[in-house]
Amino acid sequence: HVQLVESGGGSVQAGGSLRLACEASGYGSTYRRSCMGWFRQSPGRERERVATIDSGLNTNYADSVKGRFTISRDNIKDTLYLQMDGLKLEDSAMYYCAAEPPRGTYCVGLKADFDVWGQGTQVTVS
């Protein structure tokens with residue numbers, strides 16, 4: 001069974017940095033062919049896509065985090081990362097790791113296409 005587990009969340013002052021990690025298990029050799037993404041959700045708001053990365057290392061970012069966040073993946077460790085720099089109050093949210101079904105070198109990128117989700121890790125900026 002496929003499972004995603006996030007870590008690295010915490011409390012940080014505005015302007016600070018955090019690095020989130022998402023360890024994937026159960027994929028075997030297919031993880032490298034999966035589009036991976038980070039989403040976040042704060043109280044009263046819809047879950048939104050933060051960033052995605054496909055098997056070819058192509059990335060996409062929400063405008064709100066572009067230039068501050070960096071998504072990356074380690075296909076040896078089957079781990080997804082989100083480096084968050086210059087954190088703002090608006091970045092406070094529960095952050096979720098998610099995966100699309102393994103395909104090839106592209107992401108569909110829509111929220112509905114991500115079918116595996118982690119439990120989330122809380123990020124609080126003050």
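Of all the heavy atoms in I53 and I71, the pair that sits closest is CG2-CD1, 3.7 Å.
Counting only residues at least two apart or in different chains, salt bridge (charged side-chain N to carboxylate O under 4.0 Å, His left out) contacts with residues 49-66 comprise D63-K66. Each salt bridge (charged side-chain N to carboxylate O under 4.0 Å, His left out) pair with one or both residues in residues 110-126, not counting sequence neighbours, appears once here: E46-K111, R103-D113. Listed by first and then second residue, the salt bridge (charged side-chain N to carboxylate O under 4.0 Å, His left out) pairs involving residues 21-35 amount to none (not counting sequence neighbours). The side-chain hydrogen bond (donor to acceptor under 3.5 Å, both in side chains) analysis of residues 75-97, with sequence neighbours excluded, yields the pairs S17-D85, R40-D91, R40-Y95, R68-D91, R73-N75, Q83-D85.
Under the 4.5 Å side-chain contact rule for hydrophobic residues, I76 and L57 do not share a cluster. In the hydrophobic clustering of this structure, L18 groups with V125; members are Ile, Leu, Val, Met, Phe, Trp, Tyr whose side-chain heavy atoms approach within less than 4.5 Å, directly or through other members.
Remark: V2 engages Y27, V116 in a side chain to side chain contact (heavy atoms under 4.5 Å, CB included) (not counting sequence neighbours). Partners of F114 according to the ring-ring contact (aromatic ring centres under 6.0 Å, His included) rule, which considers only residues two or more places apart in sequence or in another chain, are F39.
Side-chain contact between L20 and W38 is present, with at least one heavy-atom pair separated by less than 4.5 Å. Using a 4.5 Å heavy-atom cutoff, the side chains of L82 and F69 are in contact. Side-chain contact between Y61 and T70 is present, with at least one heavy-atom pair separated by less than 4.5 Å.
At distances below 3.5 Å, at least one donor-acceptor pair connects side-chain atoms of E6 with backbone N or O atoms of Q119. Using modelled atom types, no side-chain atom of E100 and backbone atom of C107 make a donor-acceptor pair closer than 3.5 Å.
Taken from OG in S42 to CG in L89, the straight-line distance is 12.0 Å, to the nearest 0.5 Å. Here the CG atom belonging to D74 is positioned 12.5 Å from the SG atom belonging to C22, to the nearest 0.5 angstrom. The line from CE of M94 to OG1 of T121 is 7.5 Å long, rounded to the nearest 0.5 Å.
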